[in-house]
Each structure stands twice: as C-alpha cells, then as structure tokens.
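Read the structure below first, then the notes.
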Amino acid sequence: MKEFEKNIRKAEPYVPGEQPQRKVIKLNTNENPYPPAPGVAKVLKEMDTDKMRLYPDPAVGKLVKELADFYGVNENQVFVGVGSDDVLAMCFLTFFNSEKPILFPDLTYSFYKVWAELFHIPYECPKLDEDFRIKREDYYKENGGVIFPNPNAPTSIFEDLAFVEDILTHNQDVVVIVDEAYVDFAGKSAMELLERYENLIVVQTFSKARSMAGMRIGYAIGSPLLIEYLNNAKYSFNSYTMSIPAIDCGVEAVKDKAYFEETVQKIIDTREWAKEELSKLGFWFPDSKANFIFATHPEYNAKELFEALKAHDIYVRYFGGARTKEYLRITIGTREEMEELFAFLGEYMQR
Ligand SMILES: *Cc1c(COP(=O)(O)O)cnc(C)c1O
C-alpha cells in the first residue's frame with residue numbers, strides 16, 4: 001500500500017444487480033414492469049428547459065407537499081432524496097451515531113452493512129430463524145439503533161403492525177428505521193405508528209411500486225424532530241440533491257393514485273398466480289408479500305438454474321452465501337414475461 005493510501009477511507013461497495021444494455025426478460029432488480037403514471041411522460045415532454053439554469057428548490061417543497069397530502073402527515077414530517085438509498089444513507093449518518101452496535105437481520109438488504117462500514121458504525125446482525133423470520137426478541141437488547149425492511153428482502157416476508165410496534169416498544173431510546181420499499185405490495189405501513197413513536201422513521205421509494213427506479217426518488221416520513229435532524233445533515237452535505245425533472249415527475253406520479261393502485265394490484269395478481277405456477281414446478285418459497293419471490297427447488301441447483309435462465313436472456317437474481325445459495329430471487333414481471341419464465345422452466349425441468 002502506498003503511503004498516501006493509508007489514510008484513505010476504504011469501502012467495500014454494494015453490488016447492484018446487472019443492468020444489461022439490451023432487451024432481456026429482466027426479473028433481477030425488482031423494478032416495476034409497467035411504465036410510470038401517464039402524467040410523468042407529459043411533464044417531461046412539456047418541460048421548460050430554461051428553468052434548468054437555476055438551482056432546484058433545496059427544500060423540494062412541491063414534492064414534500066404532495067407526499068404529505070398523500071399520506072395525511074404534515075410537511076415537516078417528510079424528507080426526500082435521490083432514491084431511498086440516498087435517504088437511508090443520510091439516516092445512517094444522522095441517526096446511528098452511538099458506540100453501541102446497531103441491529104439489523106443477517107439476511108436483509110445488503111446495503112445496510114455497506115453503510116455501517118463506510119460510516120464506521122458498529123453493528124450486529126441477529127440471525128433470521130429457520131423460516132427466514134425476524135426473531136423479535138433479538139431486538140430487545142441494548143443497541144445503537146434498529147433497521148429492518150418490511151417486507152424483508154430478499155426473503156419477501158411481511159410482518160404485521162403488532163410486530164413492528166413490539167420492536168418499537170422495546171426500543172424507545174434509539175431511532176428505529178423501517179424500510180418499506182415493498183410495503184405497497186404487502187399491507188399496512190408503519191406510518192400509522194408515527195403518532196405514538198417519535199423515534200420511528202419510515203422510508204419508502206418510487207423505484208418499485210411507482211415504476212420510477214430510473215428517476216431516483218425516495219423519502220422518509222417521521223416526527224418533525226427526526227426530520228429536522230435529517231435536514232440539518234442534508235444541508236451540511238449537499239443542499240440540492242434532487243433534479244428539477246425528478247421533482248416534477250415525482251409530483252405527477254403521486255397525484256395519479258388510481259394508476260398507482262391499478263399497477264400495484266396487477267403485480268399482486270401476477271404474484272399470486274406465479275406462486276401457484278412455481279409450486280406446480282416443485283419450488284418452495286416463503287409466502288411473498290413483495291414484488292418478488294425467493295424460491296428454491298429441492299432437485300435443481302440454484303446457481304445452475306440462474307445460469308441456464310441467463311443463457312436464455314431471462315435474468316433473475318442469485319446471491320450465493322451460506323443460507324441463500326440454494327435460492328433465486330425472481331422479480332414479478334408482466335404476466336407475459338412470467339409465462340416465458342415458466343415455459344422455460346417447464347422445459348428445462350423435463351430434461
Ligand atoms: C430497492 C430497495 C431500496 C432502494 O431503492 P432506491 O431505488 O434507492 O429507492 C431500499 N431498500 C430496499 C429493501 C430495497 O429493496
């Protein structure tokens with residue numbers, strides 16, 4: 001190592017799923033197979049590019065107001081950023097500043113560990129149980145903060161509000177972050193608990209249910225106190241995180257509630273049908289409440305299956321790792337895309 005490298009901050013980066021630059025059946029990064037709300041295309045077509053001379057509104061007032069109205073909270077309870085990865089990174093930086101370890105599951109969104117390492121935050125990862133469920137008692141001990149996704153990824157399992165509240169009641173002296181990237185496919189948001197828990201932060205994204213992964217929009221909803229701390233950190237780092245097109249498109253997407261609900265329902269319907277098809281083929285999987293299924297087959301090696309699918313331009317996600325190496329994470333695509341997946345699997349397995 002060169003002398004000047006010694007004091008450089010080292011990072012072991014998160015490895016995102018592949019983004020092949022040609023058309024494939026893409027079931028590997030939990031994107032939405034449907035386009036964004038029609039109003040989004042209209043906004044882009046009619047965009048007045050002259051306004052790009054100017055900086056965007058640093059407070060992102062328009063989008064904050066739209067989200068506040070949508071969720072029935074005050075504007076000072078909303079924080080927005082460049083995808084929920086940006087929002088979550090800011091949350092780690094702001095809220096996890098204790099010498100005690102933060103807690104998150106051993107099998108979960110792998111970015112958590114990356115941020116913890118990057119920011120030198122101590123952490124512990126309690127093991128999910130045999131059925132890939134979070135064991136609530138593991139989160140009763142002293143800690144520097146708690147974060148978990150609900151539904152969890154890549155397991156797809158959703159825990160009800162009573163479970164989330166139990167973790168909150170046992171963790172009133174630290175910040176608890178619930179990452180709800182997939183909650184629209186699942187059930188009730190933990191936002192309902194905000195009135196009673198000032199230390200709760202709920203993080204969501206436009207990347208999954210709102211079909212806008214490429215626009216990079218995420219947000220956190222919490223108490224005015226926590227949101228103020230987040231904003232102070234943001235304005236100490238980068239005042240203008242979101243671009244003008246992202247802000248305007250985000251507003252349009254939130255306005256079209258009917259389109260949002262219709263798209264989400266289509267994905268849920270396809271998911272429920274896909275579960276039946278996977279079962280018929282002999283796969284086992286936890287009962288998914290997300291827009292993906294985490295599946296294993298007793299007779300087929302997951303890595304080989306992953307490679308065979310890829311050779312046929314069907315991309316799913318394979319993680320490896322001790323507890324997950326026999327699993328594939330399959331994003332729910334359109335009905336047609338899933339039919340192609342099952343046609344291939346049916347043929348492959350007869351061989
Ligand atoms: C997809 C995902 C995110 C990040 O999404 P963004 O595109 O950065 O908004 C965060 N958490 C989990 C669990 C996810 O699956």
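Remember, it's 1-based here, ligands and their atoms both numbered in the order they're listed.
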The test is salt bridge (Lys or Arg N to Asp or Glu O under 4.0 Å); show your working for K62 and E66 and say whether it passes.
CA-CA 6 Å; K62 277 199 289 188; E66 207 61 47; over 6 Å; no
So for D179, does at least one of its heavy atoms come nearer than 4.0 angstrom to any atom of ligand 1?
yes
Part of S84 within contact of ligand 1 (heavy atoms, under 4.0 Å)
both
Is the ring pair Y348/Y300 parallel, tilted or perpendicular, if the boundaries are 30 and 60 degrees?
tilted
Around atom CZ of R136, are there more than 12 heavy atoms from other residues, nucleotides or ligands closer than 6.0 Å?
yes
Please work out which of Y182, Y219, Y109 has its closest non-hydrogen atom nearest to atom 15 (O) of ligand 1.
Y182
Taking the minimum heavy-atom distance to atom 1 (C) of ligand 1, which of R210, K208, M212, E180 ranks first?
K208
D85 contact mode with ligand 1 (heavy-atom cut-off under 4.0 Å):
both
Does an N or O anywhere in T205 fall below 3.5 Å from an N or O of ligand 1?
yes
E307 and Y318: side chain donor to acceptor below 3.5 Å
no
Any atoms of ligand 1 less than 4.0 Å from a non-hydrogen atom of G83? List them with their elements.
8 (O), 9 (O)
Using modelled atom types and a 3.5 Å cut-off, is there a donor and acceptor pairing between side-chain atoms of H120 and backbone atoms of A116?
no
